[in-house]
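Here is the naming used below: chain letters follow the sequence lines, and residue numbers restart at 1 for every chain. Heavy atoms only: backbone and side chains are in, while hydrogens, waters and symmetry mates are out.
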Amino acid sequence: MSAVVSDAETRPRAAEGRAPDVFRPGGWVPMRRYSENEPVDFAIVGTGCGGSVLAARLAEAGHSVVAFDAGAFYRPLEDFASDEREQEKLYWLDERISGGADPLEFGSNNSGKAVGGTTVHFQMVALRWRPEWFKARSLLGYGHDWPVDWREMWHYYDLAEDAMKIAGPVRYPWGPPRGRYPYREHELSASALVLARGCEALGTAWAPTPTASLSAPRGLAHPCVYRGFCKIGCATNAKQSMLVTFVPRALAAGAEIRDLAMVGRIETGRDGRVTGVRYHRSGAWRLQKARAVIVAGYSIETPRLLLHSACPAHPDGLANSSGLVGTNLMVHSNHAVWGVMEEEIRWYKGPPSLAVCERWNYDDDKDFDGGYAFMSQGPLPTDFATALVSNEGVFGHRLRRWMGHYNHMAGLKIVGETQARDENRVELSEETDALGLPVPKVTFGYCDNDRRLFTHAQRFMRAVLDAAGGRDLYETADTAHLMGGCRMGVDPASSVVNADGRSWDIDNLFVCDGSLFPTGGGVNPSLTIVANSLRIAERIKALARRGEIG
Amino acid sequence: MDEKPFETPYPGYDVLAKWDGPSWNDATRRVVADRLENVPPRRFLGEAEYRLLRSVIETILPQPERSEAARIPVEAFVDAMLWNNEGSGTRYADAPPPREAWRRGLAAIAAEAERRHGRSFETLTAEERHALLAAIDAGETDPAAWEGLHPRRFFRHVLLKEAVKIYYAHPLAWNEIGFGGPAAPRGYVRLGPDMRDPWEAEEVRPPQALEGAP
């Protein structure tokens, strides 16, 4: 499909000492090259919120770093079309077997395949966690505690927000006081004002959403032009994805990035320690030696790679003496309420979720554990139509008439916390993909608490949308985001890695991405993954300084 | 069932009129030109399967106001998707892979038509075709015809979903719903309710009344 735009998906671009300059059409930046046979300090698998942040911070500290990504290295200004179908090239579309009582949908919902990872098509909502969530078990009575203090995370949130120049409001109504956001908030769109009007009618607080899209110039990138295609790739570079933030930083600091490079196995020595990664690029399997490996492939690919790298010293997969690799996979329930407004909304304009209500993350007078945020919506035509037909089964002239209301629609959608459960997990199937790698098999089901949460949310959002003047309301169900699968913790028996992301079993193997989350929280995960990665980068640098890694 | 045809609130709006303007970049022009000029030939489905698919598509997304040359050829892009064996990233554990699901699902629709009417789906009236698909969506089906395929899941999550993904990715569909269409590098200036930039569709008449929630 995308061959009409460029050959980014078929020919590696980051090669021969140069990599694409994401800020200039046809441009290049110099890139350091490392030999495959000389061990580098760190081989990093993945370049999303985990991998690109570590690549940048470790290279800036003087380490030799090679980061691998299975996806293409795009220049958004020339490679991204204003077209939903074409931009499916940003999704991880390799087959995954999805089972369980409530099987998950992958691809656009939660899985990216590009340098920059899933952030290339994320929704840019940049919310901090409620402090108590980091000690959910001790303070709120559900889930698991994080092995991290919220005040430490708060510090790294400051750094993450600055690195991504988050545009946010002067006063945010929930949680502890925070400093000013680096950039001013965006103008509210009509769809955001629907949320505001409904919340105000019910006496509930709302806020302009802190958003990872520029509200003022930054370097060569212009402010957001409110084009509205954010979720399928920003073609103007206003969106602060990893592709235009930490990836260029990593390259400038001397990291090498290898695009279209699928890591299939982590190699181990006779002592059981890791020695490098085997990866597929340009039609051949290759080996990169490394003193340490950091896995940052997100909640499906990270467990898949660890499990598939089983060896005599680690017969159940790497880092898996607890048997927990792949377990406790979480998503966010993504239930929504939609309605027709009297006025024209034209929700295709601007970042889709410019207003947010976090009341039910902070108010504990409710019949479920965990929390949810809900936000205003702005789906593009096929995104909206697929939710309508798959949830409601509308077809015929009636479908076209419904779609005729596209410019009058408004919607509210949650990011709802689901509970961590052992049985929701990633395993390897018996089937193999085109590269001979085992196809992952994912099992997922909601528990009663999850159902109470989204039932509560739909009731509340219905009241908000009704109060805002919405008519002909209807509901849809979906999921978004992935978290968990390689929980971090304080005990080798009940976690895969420690607070540094370091495997309890193998001292030169780390995990750093959303799979570390012990619990999911009721907000979009990207900002927290970036903050946690910035924290882990400091920990790894400290370990390296003390000579405790290689 | 309701056969009141669709009427666009935006007559006269044409996103393609912005082709050479600042709302379209080269990447988008290449993608949309390819979609308009290179309608894929039938390569995967058999002739009979393809005829049936087209009839199903015309029931799901009827386009009575368009000539044969002007209609959005959804079935051609379904066939191309199957020919290219394009993945969606998800294969449900209890469902066959996409190619097999489409073949089996289409055969099941044909079998349901024969069972209920003793005729092929394509020869049924529009009302009969609509009622048949509604019955499939309601699960009023013959299990033997579906060979383990879940009728509603096939109808909604495979057939309807793919059909609307193709239909509403076409400039004619963007026109009829008043979508701004491609918007890079120029985006929008006026974001508020009932506000419209000069390069957005003008609502000439209100959208048709709905009979309550879907």
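- Looking at B/Val158, neither its backbone nor its side chain comes within 4.5 Å of chain A, counting heavy atoms on both sides.
- In terms of heavy-atom pairs under 4.5 angstrom with chain B, the leader among A/Arg96, A/Glu343, A/His408, A/His405 is A/His405.
- A side-chain donor from one of A/Arg400 and B/Tyr167 sits under 3.5 Å from a side-chain acceptor of the other.
- Contact of the B/Arg35 side chain with the A/Asp83 side chain is registered, since non-hydrogen atoms from C-beta on lie closer than 4.5 Å.
- With a 4.5 angstrom heavy-atom cutoff, B/Gln63 touches chain A via backbone and side-chain atoms both.
- Using a 4.5 Å cut-off between heavy atoms, A/Glu431 touches chain B through its side chain atoms alone.
- Residues A/Gly393 and B/Arg156 share a closest heavy-atom pair of CA-NE, 3.4 Å.
- Here the shortest heavy-atom pairing between A/Trp402 and B/Gly212 reads CZ2-O, 3.7 Å.
- Between chain B and the residues A/Arg471, A/Met403, A/Lys441, A/Glu84, the largest count of heavy-atom pairs under 4.5 Å involves A/Met403.
- Contact check for A/Leu104 versus B/Thr90: no side-chain heavy atoms found under the 4.5 Å cut-off.
- Side-chain atoms of A/Tyr226 and B/Leu191, non-hydrogen and from C-beta on, do get closer than 4.5 Å to each other.
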> Step by step, would you call A/Arg85 with B/Glu162 a salt bridge (Lys or Arg N to Asp or Glu O under 4.0 Å)?
Replying inline: CA-CA 11 Å; A/Arg85 221 166 157 73; B/Glu162 191 62 36; 3.1 Å; yes

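- The shortest distance between side-chain heavy atoms of B/Pro64 and A/His397 falls below 4.5 Å.
- Using a 4.0 Å cut-off between charged side-chain N and carboxylate O, A/Arg398 and B/Glu211 make a salt bridge.
- Listed by chain and residue number, A/Trp338 satisfy the side chain to side chain donor-acceptor pair (under 3.5 Å) test with A/Thr476 (two or more places apart in sequence, or in another chain).
- Residue with the most contacts toward chain B among A/Thr236, A/Leu354, A/Asp79, A/Asp94: A/Asp94 (heavy-atom pairs, distance under 4.5 Å).
- Heavy-atom pairs under 4.5 Å with chain B peak, among A/Phe80, A/Tyr91, A/Trp92, A/Tyr406, at A/Tyr406.
- Considering every non-hydrogen atom in both A/Asn407 and B/Gly178, the closest pair reads ND2-O, 2.9 Å.
- Interatomic distance, CG of A/Leu388 versus NZ of B/Lys161, reported as 12.0 Å (0.5 Å rounding).
- Counting heavy-atom pairs closer than 4.5 Å to chain A, the top-ranked of the candidates B/Asp137, B/Val32, B/Leu133 is B/Leu133.
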>> Applying salt bridge (Lys or Arg N to Asp or Glu O under 4.0 Å) to B/Asp197 and A/Lys349, what does each step give before you reach the verdict?
In response: CA-CA 11 Å; B/Asp197 285 326; A/Lys349 296 188 279 188; 5.0 Å; no

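- With chain B as partner, the option from A/Ser98, A/Cys234, A/Gly107 having the largest number of non-hydrogen pairs under 4.5 angstrom is A/Ser98.
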> Can you check side chain to side chain contact (heavy atoms under 4.5 Å, CB included) on B/Val164 and A/Leu399, steps first, answer last?
Replying inline: CA-CA 10 Å; B/Val164 298; A/Leu399 168 58; 3.8 Å; yes

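- Here NZ of B/Lys165 is found 7.0 Å from OG of A/Ser108. Values are rounded to the nearest 0.5 Å.
- Contact of the A/Pro381 side chain with the B/Ile177 side chain is registered, since non-hydrogen atoms from C-beta on lie closer than 4.5 Å.
- No other option in A/Ser191, A/Ser111, A/Pro103 has as many heavy-atom pairs under 4.5 Å with chain B as A/Pro103.
- Most heavy-atom pairs under 4.5 Å with chain A, from the set B/Arg129, B/Arg153, B/Arg196, B/Glu58: that is B/Arg196.
- Under the rule for a salt bridge (Lys or Arg N to Asp or Glu O under 4.0 Å), B/Glu203 has no partner lying at least two apart in sequence or in another chain.
- Heavy atoms closer than 4.5 Å to chain A are found in the side chain of B/Pro9, but not in its backbone.
- Residues B/Tyr10 and A/Arg346 share a closest heavy-atom pair of CE2-NH2, 4.3 Å.
- Counting heavy-atom pairs closer than 4.5 Å to chain A, the top-ranked of the candidates B/Arg186, B/Arg152, B/Met195, B/Glu65 is B/Glu65.
- When all heavy atoms of B/Pro182 and A/Phe229 are compared, the closest pair comes out as CA-CZ, 4.2 Å.
- For B/Arg51, there are no side chain to side chain donor-acceptor pair (under 3.5 Å) partners, not counting sequence neighbours.
- Atom OG in A/Ser390 sits 12.0 Å away from atom CZ in B/Phe155 (nearest 0.5 Å).
- Ring to ring, B/Tyr168 and A/Phe384 are not that close: their centroids are 6.0 angstrom or more apart.
- Residue B/Ala95: no heavy atom, backbone or side chain, is found under 4.5 Å from chain A.
- With a 4.5 Å cut-off on non-hydrogen atoms, A/Glu95 touches chain B through its backbone and its side chain both.
- A donor atom on one side chain and an acceptor atom on the other are found under 3.5 Å apart for B/Glu200 and A/Tyr348.
- There is no contact between B/Thr8 and chain A, counting heavy-atom distances below 4.5 Å.
- The contact between B/Ala201 and chain A is made by backbone and side chain atoms together, counting heavy-atom distances below 4.5 Å.
- Highest contact tally toward chain A, considering only B/Pro206, B/Ala209, B/Gly181, B/Ala184, is held by B/Ala184 [criterion: heavy-atom pairs under 4.5 Å].
- Options B/Asp194, B/Leu160, B/Asn84 differ in how many heavy-atom pairs under 4.5 Å they form with chain A, and the most are formed by B/Asp194.
- The CG atom of B/Leu210 sits 10.0 Å away from atom OH of A/Tyr474, with the distance rounded to the nearest 0.5 Å.
- Proximity to chain B (any heavy atom under 4.5 Å) is restricted, for A/Val340, to the side chain, taken from C-beta onward.
- Using non-hydrogen atoms only and a strict 4.5 Å limit, the part of residues 13-29 of chain B facing chain A consists of B/Asn25, B/Ala27, B/Thr28.
- The shortest non-hydrogen separation linking A/Thr382 to B/Ala169 is CG2-N, 3.8 Å.
- Interface remark: A/Asp383 contributes no atoms to any contact with chain B (heavy atom separation under 4.5 Å).
- Taking CZ of B/Arg30 as the start and OG of A/Ser6 as the end, the distance is 8.0 Å to the nearest 0.5 Å.
- In this structure, the portion of A/Ala235 lying under 4.5 Å from any heavy atom of chain B is its side chain and not its backbone.
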